[in-house]
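A quick write-up on the structure given underneath.
Numbering starts at 1 and runs along the sequence shown. Ligands are counted one by one from 1 in listed order, and the atoms in each one are counted from 1 as well.
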Amino acid sequence: MAENDTAPSAAPTPSRYRTVHLQRAKDEGRRFAMLTAYDFQMAQIFDDAGLETILVGDSAASTMMGHATTLPITMDEMIVFAGSVVRGTRRAMVLCDLPFGSYELSPQQATESAIRLVKEAGVHAVKMEGSVRYADHIRMMTDAGVPVMAHIGFTPQSENVLGGYRVQGRGDDAAAEMIREATTLQDAGAFAVLMEMVPSEIARKVDEALHVPTVGIGAGAGTTGQVLVWQDMLGLRSGKMARFVKQYADLHTVVREAVSAYRQDVLDGSFPAAEHGFDA
Ligand code: KIV
């Protein structure tokens with residue numbers, strides 16, 4: 001994407017965003033936005049705000065369930081989160097992660113899991129972490145009618161192999177290697193490629209080399225779309241943020257102060273007041 005192609009969306013809003021609209025954005029030099037969501041009400045707000053795409057990420061394992069990594073979340077749990085998000089949307093395209101353990105063993109296993117997410121939760125596409133060894137998985141899921149977004153760069157499900165949260169794609173051959181990987185996945189049928197924690201210049205080169213759209217998180221401004229985890233972006237989570245996060249609100253403070261005001265009102269008897277009762 002060229003430096004000055006920043007127009008958010010000159011295109012008419014479709015009744016439902018689909019892969020074809022994301023492809024059109026790439027073809028016409030436009031960008032699109034994605035956030036994670038895991039529940040009905042946040043999905044409704046994001047959809048109302050005009051977000052093109054919503055990801056039911058396996059980050060739900062930590063953001064919603066308190067696990068230290070994304071590894072423990074199950075298909076059944078993802079289906080509950082994903083169905084809640086789908087029911088909250090009218091326009092946004094909803095993608096759901098294939099959780100760890102639901103696709104690695106074979107293209108058949110991946111396809112069965114992807115079909116469950118479409119059938120039981122109603123998602124419009126799936127995202128799968130992995131590399132060229134999963135090309136056949138992507139081909140079979142796509143042939144079965146499930147659009148697949150490939151996720152490369154830092155892939156949290158492999159953090160035990162990658163040695164923790166680390167920027168990927170550093171080194172002399174990194175750009176060529178990542179382009180080869182992304183192209184293989186695109187050629188296998190991936191409708192888009194997401195890159196996590198990849199140096200901006202490499203991500204930009206990958207985007208230029210692919211005809212399908214790319215999505216970045218910690219991958220600079222050269223990708224077609226951007227994604228963030230909503231609790232980071234809206235400041236619900238406290239603590240140190242990754243440097244690629246831009247915080248647009250401080251919900252943690254808003255919620256803490258509101259809850260503490262409510263508690264104080266209950267303790268001193270000012271809530272409930274007369275107008276909150278049924279006596280008038
Ligand atoms: O699970 C997730 O939230 C993700 C995003 C960080 C891209 O995969």
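Checking R24, R30, Q23 one by one against D27, the side chain to side chain donor-acceptor pair (under 3.5 Å) holds for a single residue, Q23.
With a heavy-atom cut-off of 4.0 Å, L55 touches ligand 1 through its side chain alone. For T36, every heavy-atom contact with ligand 1 shorter than 4.0 Å involves the side chain, none the backbone.
Every N/O-N/O distance between Y38 and ligand 1 stays at or above 3.5 Å. Checked against a 3.5 angstrom limit, the closest N/O atoms of E129 and ligand 1 fall outside it.
Here the closest heavy-atom approach between residue M128 and residue V148 is recorded as CB-CG1, 4.4 Å. Residues A61 and T70 share a closest heavy-atom pair of CB-CA, 3.7 Å. Pairing each heavy atom of S59 with each of V229, the nearest pair is OG-CG2, 4.2 Å.
Counting atoms of ligand 1 from 1 in the listed order, those under 4.0 Å from a heavy atom of I217 are 6 (C). Against a heavy-atom cut-off of under 4.0 Å, D97 is close to the following atoms of ligand 1: 1 (O), 2 (C), 8 (O). Taking a cut-off of under 4.0 Å to the non-hydrogen atoms of D58, the atoms of ligand 1 that pass are 1 (O). Within ligand 1, the atoms closer than 4.0 Å to a non-hydrogen atom of G57 are 1 (O), 2 (C), 3 (O), numbered from 1 in the order shown. For ligand 1, the atoms closer than 4.0 angstrom to any heavy atom of H151 are 8 (O). Per-residue contacts place K127 under 4.0 angstrom from the following atoms of ligand 1 (heavy atoms of the residue considered): 4 (C), 8 (O).
At most 12 heavy atoms of other shown residues, nucleotides or ligands fall within 6.0 angstrom of atom CZ in R263.
At the top of the distance list for atom 3 (O) of ligand 1, counting protein heavy atoms only, stands S59 OG, 2.5 Å.
Put simply, the side chain of K205 does not reach to within 4.5 Å of the side chain of M178, judged on heavy atoms.
For F32 and Y17, the ring centers sit 6.0 Å or farther from each other.
Aromatic ring pairs are classed by plane angle as parallel below 30°, tilted from 30° to 60° and perpendicular above 60°; the pair H276 and F271 is tilted.
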